[in-house]
Every structure is written in C-alpha cells, then in structure tokens.
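So you know, we letter chains A, B, ... as the sequences are listed, proteins then strands, and number each from 1.
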Amino acid sequence: MVEAFAVASGKGGTGKTTSTLALGMALAERYDVTVIDADTGMANLLFHTGLDDADVTLHDLLLAERDVPVSAAVYDRFGMSVVPCGTSLTAFESADPGLLRDVVAELAADTDVLLLDSPAALGSKSAVLPIVLADRIVVVLQPTVPSLSDGLKVQEYARSYGTETAGVLFNRARPDEDVDAVADQAARYFGGTTLASVPESDAVRAARRAGEPLLAHAPGDPAADAFHEAAAALDVRAGDAAGVADRFRSAVVPDRP
Amino acid sequence: MLADGHIPEGDLCRSRTDADVGATLADVLARELTGYVVFEPQGSILLGDDERAVVTFEAGVPVLAYHPGSDAGGAAALDALTGELFHAELYELPASALAAAHRVDEFRVAPTAPARRLAGDDALVERTRAAAPDERVSEEDAPSAVEAFLADTEGIEAIREEARAEARSRAAEWGLTGQLDDSEEGH
C-alpha cells in the first residue's frame with residue numbers, strides 16, 4: 001500500500017515543513033512513513049530533524065552519475081524514514097530535478113505513505129515536480145488573503161496535472177482569528193476535507209531550535225494535538241506500491257529545460 | 001474548568017428541554033439576560049457531564065463560549081453546539097461576576113457568531129448585532145478581509161482560471177505537457 005502526498009502551500013511561512021513532519025509522525029503511528037524534502041532549492045527539513053550534518057542527501061541522488069544508493073540518503077528519525085535535502089547552492093545547480101521521479105519511485109516501493117515537502121513556489125520545473133508526481137496534495141494555509149490565494153493557485157496547478165486535493169490544513173491560527181468560519185467558506189473552493197486548524201504556538205519555534213519535529217519536542221502542545229487530528233482525518237488510500245513505482249518511472253519527465 | 005472556576009453559580013431563571021439553540025439565543029436576547037446558558041445535549045445523561053457547553057451573555061449578547069469536555073473555547077466551542085436539541089438552562093448573574101471570565105480572550109466569540117453559526121437565522125443575527133455595544137460590533141464582527149475575499153466567488157474563479165492557464169503555458173515551457181491531465185490530449 002502506498003500513497004504519495006505533496007504537502008504544498010504556494011506561499012512561504014505557512015509552516016509547511018513543520019506540518020509535513022508533524023503529519024508524518026502522527027501517521028507513523030499507523031503507517032510506514034517516508035518524508036522527502038522535495039524543496040531542493042530551499043532545503044529546510046534537515047534543520048527540523050537534527051540532520052544538519054547528514055553526509056548524503058537528496059541532492060546526491062539527483063546527480064546524473066550518482067555513486068550512492070538511494071538508501072544512503074534515508075535516515076531513520078522519529079519513527080519515520082527521512083530523506084533530507086542539502087543546502088549547497090552548487091549541489092542544487094548540478095542536481096537534475098527530473099531524477100526526482102526515479103528516487104520517489106524507488107522509495108515508494110518500500111513504504112505506506114510518502115510525504116513530499118514541496119517548494120513554496122510554482123515558478124520552476126523543480127518546484128512543480130512534487131505536485132506532478134504526487135497522488136494527491138495537502139494544502140497548508142493560513143487564514144489570510146495571500147495564503148488562500150496562493151493555495152488556490154497551487155490547487156489549480158496540481159489539478160492541471162491530475163493531482164487532486166486530499167485536504168487543507170489551516171496552520172498558525174491566532175486566537176483572534178475565526179478560522180472555523182474561514183474554513184467553512186474556503187471548503188467551497190478547496191477539494192478534500194478540512195483536516196484541522198492548528199493554533200500558532202511558541203513550541204514550533206522551540207522545536208525548530210532543538211532540531212526536532214514538533215511532535216517529538218512538545219507532544220502535549222495544542223498544536224501537536226491538532227496535527228494528530230489532521231492525520232486522523234486524512235484518508236490514506238490503499239494503493240499498489242508496484243503500480244505507484246511504475247507510474248513514477250513511466251512519467252515522461254524529460255531533462256531539464 | 002472555566003465554568004466551575006471563574007463563573008460563579010447564577011440564579012436559574014429558565015430551564016427548557018428540547019430547546020434548539022436559535023430559540024434559546026432569541027429568548028436570551030429578548031430577556032436581555034446577563035449570565036450564562038448551560039447547553040446539554042439530549043440524552044447526555046448517558047454520556048456524562050462532558051458534553052455540556054456554556055455560553056455567557058451580557059444584556060442578551062453572547063460574549064464567550066466554552067466546552068469543558070474538549071477544553072475548547074471561543075469559536076471552537078460553538079462546534080459542540082451544532083445541529084442538536086439541548087436541555088438549556090438559563091442562569092442570571094450580575095455583570096461584575098462575569099468580568100473575570102470575560103477577560104479570557106481566547107474564549108470570546110463575536111457577538112453574532114452563535115446566531116450565525118448555530119441558528120442560521122439572519123433576523124436573529126441582525127437583532128443581536130443591533131443589541132451589541134458598538135465597540136464589539138466594530139472590533140469583532142465586521143466582515144474581515146478574508147471573509148470578503150472568500151465571498152467573492154467571481155474573483156476566486158478568476159484566480160483559478162488564471163492559474164489553470166498559467167499552469168498549461170508553463171507546462172509547455174518545462175516540457176511537462178504530456179503530464180497534464182487533459183482528455184483532449186488523450187492523457
């Protein structure tokens with residue numbers, strides 16, 4: 001069984017990486033979960049998982065003539081398999097985003113749930129590849145006009161590639177914001193379900209500083225509770241791992257332009 | 001527990017069974033009740049006390065909502081009151097006895113939020129807004145920029161169309177046209 005979700009937002013600062021890891025940890029209670037930092041231009045996941053010094057990262061897997069196996073970039077952390085991306089600009093420039101599909105295909109063969117932490121942008125091929133490759137997207141939103149507007153754009157891009165929305169997650173909600181009312185209104189435009197409304201929390205920053213996912217650093221925090229709620233509301237569809245892997249492999253993604 | 005700790009017990013002035021939330025809110029508004037209402041879902045004797053929710057009022061206008069069972073306050077607590085009949089008990093209290101609880105910002109709700117979300121009664125929403133003090137209407141109840149944005153269906157459709165067109169032209173640019181989900185191109 002495998003389903004690949006791209007966790008996307010369109011706009012930066014919505015807490016996408018925090019959300020990806022929190023959903024991943026919560027889902028890992030029921031599934032075998034692999035989290036991939038597909039934001040190859042602005043890697044972030046490694047800082048949230050204490051993998052700042054990781055020797056091998058996704059960048060090394062995206063080289064045309066790579067000399068390491070995919071498994072060398074997979075780290076067991078916090079009950080998940082984590083594939084971090086490096087932060088070197090040179091490595092980013094020599095990486096071929098088109099090779100992501102092969103990497104994802106290989107990882108998909110051996111896990112239940114794949115979460116792709118996707119770039120907060122739509123302006124390049126490497127930025128859209130995660131939503132092209134994923135089965136469905138999870139849209140991380142803040143209850144603000146720019147975030148909703150960008151979230152709608154991501155959703156339309158994804159739909160253009162046949163990638164539907166599994167759910168939306170409202171993150172970093174302040175106490176004075178009536179997120180439920182916004183979520184009710186937004187549900188008319190977004191596919192899937194409203195997974196949860198996650199309150200803004202100081203614990204998120206503390207977790208980031210500690211190099212740990214929120215659910216490991218502050219499991220009793222209200223934000224952590226909300227992420228558990230979100231993971232429970234996400235209906236992971238049973239798929240055929242081999243089928244998914246084949247689909248990724250056969251995706252006609254030519255060399256970069 | 002907010003209900004036990006910060007709101008003293010008031011004088012019971014009305015107790016009704018099979019109460020719908022809208023009728024109860026209308027009753028509270030007509031009485032200009034200052035105090036609180038305890039809503040208990042019908043049949044919750046079997047469920048225990050956890051399902052009760054409390055809404056407080058000043059001169060008939062809702063101020064805060066709290067659901068002890070989930071420790072949810074404010075708008076989240078209103079969810080506990082959706083779509084059921086309740087046993088509703090109205091209690092009266094002097095405003096001074098509610099002042100401490102009413103300072104808990106995260107439990108406060110917009111004056112018209114309970115009527116809007118739970119009763120769906122536009123006339124009741126309007127009557128509640130008219131009864132609310134000006135500062136509460138202007139601070140909490142003006143439609144926000146977000147609500148206005150989401151209410152503009154044409155504007156949203158324009159954003160979506162533009163995004164679809166952009167996605168297609170960029171797909172061509174990036175050599176991803178074959179990946180588009182497009183029956184016309186035989187995907």
Side-chain angles (χ1 to χ4, degrees), chain A residues 10 97-98 101 122-129 131-133 141-164 173-190 197 199 222 225-226 250-257, chain B residues 65 70-79 82 104-110 112-113 116-118 120 139-141 143-153 155-183 185 187:
Chain A
R101 78 177 192 280
L122 293 166
S124 68
K125 179 174 155 184
S126 60
V128 299
L129 267 182
I131 63 171
V132 177
L133 293 177
L141 298 168
Q142 280 179 274
T144 65
V145 172
S147 172
L148 288 163
S149 171
D150 287 345
L152 286 164
K153 269 185 77 168
V154 169
Q155 174 171 268
E156 289 308 321
Y157 264 69
R159 279 182 175 160
S160 299
Y161 292 101
T163 309
E164 281 300 323
R174 299 195 316 267
D176 61 330
E177 288 168 332
D178 188 356
V179 179
D180 292 339
V182 172
D184 284 351
Q185 264 184 303
R188 287 193 285 153
Y189 308 113
F190 285 96
S197 166
D225 291 343
S250 64
V252 185
V253 181
D255 292 341
R256 60 191 150 155
Chain B
S70 57
D71 195 27
L78 296 179
D79 290 342
T82 312
V104 182
D105 279 346
E106 56 266 42
F107 293 160
R108 289 176 72 99
V109 292
T112 59
R116 205 173 51 225
R117 302 220 5 229
L118 302 173
E139 279 172 21
E140 298 190 45
D141 210 29
S144 68
V146 171
E147 283 167 340
F149 171 77
L150 289 172
D152 178 10
T153 48
I156 294 214
E157 190 43 45
I159 290 172
R160 294 167 69 165
E161 268 176 33
E162 194 181 329
R164 281 195 288 271
E166 191 180 285
R168 300 195 68 79
S169 71
R170 291 232 170 119
E173 210 177 297
W174 297 326
L176 291 174
T177 304
Q179 299 302 298
L180 290 170
D181 184 32
D182 190 334
S183 50
E185 298 191 8
H187 181 75

Q: Mind running side-chain contact (heavy atoms from CB on, under 4.5 Å) on Ile156(B) and Arg188(A) for me, showing each step along the way?
A: CA-CA 11 Å; Ile156(B) 294 214; Arg188(A) 287 193 285 153; over 6 Å; no
**Q.** From CA spacing to verdict: side-chain contact (heavy atoms from CB on, under 4.5 Å), Lys125(A), Leu176(B)
**A.** CA-CA 8 Å; Lys125(A) 179 174 155 184; Leu176(B) 291 174; 4.2 Å; yes
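Taking chain B as the reference chain and counting heavy-atom pairs below 4.5 Å, the highest number among Ser124(A), Gly123(A), Pro143(A), Ser147(A) is found for Ser124(A). When Ala167(B), Ala151(B), Ala163(B), Gly74(B) are compared by the number of non-hydrogen pairs under 4.5 Å with chain A, Ala167(B) comes out ahead.
The 12-atom threshold is not exceeded at CD of Glu162(B), counting heavy atoms of other residues, nucleotides or ligands nearer than 6.0 Å.
Using a 4.5 Å heavy-atom threshold, the side chains of Arg159(A) and Asp181(B) count as separate.
Of the possible donor and acceptor atoms, none in the side chain of Gln179(B) sits under 3.5 Å from a partner among the backbone N and O of Val132(A).
Heavy atoms only, all atoms of each residue included: Tyr161(A) and Leu180(B) are closest at CE2-CD2, 3.6 Å.
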Would you list the atom pairs, donor with acceptor, under 3.5 Å between side chains in residues 148-155 of chain A and any protein atom, with sequence neighbours excluded?
residue	atom	partner	partner atom	Å
Lys153(A)	NZ	Glu166(B)	OE2	3.3
Gln155(A)	OE1	Thr165(A)	OG1	2.8
Gln155(A)	OE1	Gly191(A)	N	3.0
Gln155(A)	NE2	Tyr189(A)	O	2.8

